[in-house]
**Q** 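Sending over a structure as structure tokens; questions will come in a sec.
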Amino acid sequence: MPEELGPELRAVVDGVFHTSADAAEVTDIYARFYAVLGELVAAKRASPGDDLTSALIAAHEEESGTRLSEQELLDTLMLVISAGHETTVNLLDNAVHALLTHPDQLAHVRDGRATWDDVIEETLRAEAPVASLPLRYAVEDLPLGELGGPDGAVIRKGEAILASYAAAGRDPEQHGPDAARFDVTRAAKDHLAFGYGVHHCLGAPLGRLEARVALPALFERFPGLALAVPSDELRPVDSFISHGHRSLPVLTG
Ligand code: HEM
């Protein structure tokens, strides 16, 4: 990603997840997103590199095989860039926030009683970066009673479903009465933060790797890191999909 496109890409990805935007704002955000992707593709066509965009352009321009149309090229980039950016930003945000507001948990990591992978999985469980995902519809009647849910409740074929990955991570039936507690030493941290089934997140290993690099680097570089404002003054992002803070002001000690 050329460095100079970063701020605009950040702004348009934020816009995509801004779920209370009105129709005019959404139209504007998508126009800006396609414009900046056009610039990205033009830059990589002029000077291809060892990167995803260049690989997708090569697939688009192949003479044989399954070629991507120009629109599919842009839409694939839009999916991967937005799905890969906002989510990982929120994972880092939620992990840093959880550790700074639970110093006992940070001490477990510093004293070797827990690992950074424990922090990452516990953050994904307790503070899922993708809180819920719309645009799902039942393809058949789903009798929830038969699937272990409340008796008599049925999601009818064609009805919309909001899959709530954040709620699943805090289900007391799965994680016990302290399901809402951030506890890096918890034995079973299984979660649905990367979804489930055929659409399970394509970038899960990359998202985990980014956090595995960034979190220890941050806490080693700034051992005195602290929140610069009381936690209850932080504001959530304006989205029912993304779960994170609008900003996370810190003091570097
Ligand atoms: C902590 C980081 C991340 C989280 C929490 C996350 C979460 C998710 C979730 C919940 C889904 C939907 C799964 C479903 O439909 O059931 C998804 C799909 C997807 N993610 Fe991620 N993601 C992360 C990082 C990434 C990264 C780094 C990339 C790519 C660079 C990426 C690319 C995708 C793509 C392309 C899909 C669509 C897959 C499909 O529909 O087949 N994600 N992700």
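Just follow the structure's listing: the first ligand is 1, and inside any ligand the first atom is 1.
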**Q** How does Tyr196 reach ligand 1, by side chain, by backbone, by both or by neither, if only non-hydrogen atoms under 4.0 Å count?
**A** backbone
**Q** If you measure from each non-hydrogen atom of Pro129 to ligand 1, which part falls under 4.0 Å: side chain, backbone, both or neither?
**A** side chain
**Q** Using a strict cut-off of less than 4.0 Å between a Lys/Arg side-chain nitrogen and an Asp/Glu carboxylate oxygen, indicate whether Asp190 and Arg125 qualify as a salt bridge.
**A** no
**Q** Return the option from Gly84, Ala193, Ala131, Gly195 holding the heavy atom at the smallest distance from atom 29 (C) of ligand 1.
**A** Gly84
**Q** Identify whether the distance between the nearest side-chain nitrogen and carboxylate oxygen of Glu122 and Arg170 falls below 4.0 Å.
**A** no
**Q** Where's the contact between His85 and ligand 1, heavy-atom distance under 4.0 Å: side chain, backbone, both or neither?
**A** neither
**Q** Should you measure from each heavy atom of Arg136, which atoms of ligand 1 turn up under 4.0 Å away?
**A** 14 (C), 15 (O), 16 (O)
**Q** Go through ligand 1 atom by atom and flag the ones less than 4.0 Å from a non-hydrogen atom of Leu91.
**A** 1 (C)
**Q** Tyr165 heavy atoms, cut-off 4.0 Å: which ligand 1 atoms fall inside?
**A** 10 (C), 14 (C), 15 (O), 16 (O)
**Q** When you look for heavy atoms under 4.0 Å from ligand 1, do you find them on the side chain of Leu133, its backbone, both, or neither?
**A** side chain
**Q** Could you tell me whether His199 and ligand 1 have an N or O pair separated by under 3.5 Å?
**A** yes
**Q** For atom 24 (C) of ligand 1, which candidate among Val89, Asn94, Thr87 holds the nearest heavy atom?
**A** Thr87
**Q** For ligand 1, is Arg208 a contact, meaning one of its heavy atoms is under 4.0 Å away?
**A** no
**Q** Working to the nearest 0.5 Å, report the span between CD of Glu210 and OG1 of Thr88.
**A** 4.5 Å
